[in-house]
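Read through the structure below, which is laid out as structure tokens, and then see the notes.
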Amino acid sequence: MTPLAKKVYSLLDTVPRGKVTTYKALAHGAGTKAYRAIGQIMKYNPNAPETPCHRVVATNGTLGGYMGKTDKQTLQKKIDLLKKEGVEVKNNRILNFKNIFYSFS
DNA sequence: TATTTGACCAAGA
DNA sequence: ATCTTGGCCAAAT
């Protein structure tokens, strides 16, 4: 577990159910500008059920990826999880993204 | 120590 | 709306 990863994961725990956050927001909250590194952390440390990485999306509202993949099949699972929490997704895009976006103070 | 690599981002064309 | 470019920075190799 890398130092940045610890911060990121702890921040992820603060994201309420039914909301989503972004890689950039996580980086900002963690006090770094390495939003790209966030994605790498997820890829190399997939704690799938324990850490809600499915609530992390790109800034433009697209899903990004899930479990190290970007293919439609894998993303669909992510979508289902989000939908279960009340987040609507259409064509790999979050609906009402600005409304359910969660940022760290 | 050096190089490569992205589940990224913003700005142009 | 889509595509390309350049920048970004921690982690992996």
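The sequence lines fix the lettering, A, B, ..., with proteins before strands; numbering per chain opens at 1.
Taking the side chain as every heavy atom from C-beta outward, Leu12(A) and Met42(A) approach each other to under 4.5 Å.
Taking 4.0 angstrom as the limit, Lys78(A) places none of its side-chain polar atoms (N or O) nearer than this to OP1 or OP2 of dA7(B). Side-chain N/O atoms of Lys43(A) include one lying less than 4.0 angstrom from OP1 or OP2 on dG6(B). Contact annotation: Thr2(A) side-chain N/O to dA11(C) OP1/OP2 distance is under 4.0 Å.
Summarising the geometry, the separation between OH on Tyr23(A) and P on dC9(C) is reported as 19 Å, rounded to the nearest angstrom. The interatomic distance linking Ile41(A) (CD1) with dC8(B) (P) rounds to 13 Å, in whole Å. When rounded to the nearest whole Å, the span between CG of Leu4(A) and P of dG6(B) equals 18 Å. One can place CE of Met1(A) at 11 Å from P of dA11(C), the figure rounded to the nearest angstrom. Atoms CD1 (Ile38(A)) and C1' (dA10(C)) sit 9 Å apart, rounded to a whole Å. In this entry the distance linking CG of Leu82(A) with C1' of dA7(B) reads 13 Å, nearest Å. One atom, OH of Tyr44(A), and another, C1' of dT13(C), lie 8 Å apart when rounded to the nearest Å. When rounded to the nearest whole Å, the span between CG of Asn92(A) and C1' of dA7(B) equals 12 Å.
When each of Leu26(A), Leu4(A), Val8(A) is checked for a side-chain contact (heavy atoms from CB on, under 4.5 Å) with Thr32(A), only Leu4(A) meets the rule.
Of the inter-residue distances, the one linking Arg55(A) atom CZ with Arg17(A) atom CZ reads 7.5 Å to the nearest 0.5 angstrom. Leu63(A) contributes atom CG, which lies 11.5 Å from atom OG1 of Thr74(A) (distance to the nearest 0.5 angstrom).
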Which donor-acceptor pairs under 3.5 Å do side chains of residues 93-105 of chain A form with protein atoms, sequence neighbours excluded?
none

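For Gln40(A) and Tyr35(A), each mapped to the nucleotide of DNA chain C holding its nearest heavy atom, the one lying further toward the 5' end belongs to Tyr35(A). Nucleotides of DNA chain B nearest to Lys24(A) and Gly68(A) differ in position, and the one nearer the 5' end is that of Gly68(A).
In the interface, the side chain of Arg36(A) is not paired with the base of dC9(C) through any donor and acceptor atom under 3.5 Å apart.
Distances were taken from every side-chain heavy atom of Met42(A) (C-beta onward) to each of dA7(B), dA11(C), dA10(C); the shortest belongs to dA7(B). Listed candidates were dA7(B), dA10(C), dA1(C). Nearest to the side chain of Arg93(A) is dA1(C).
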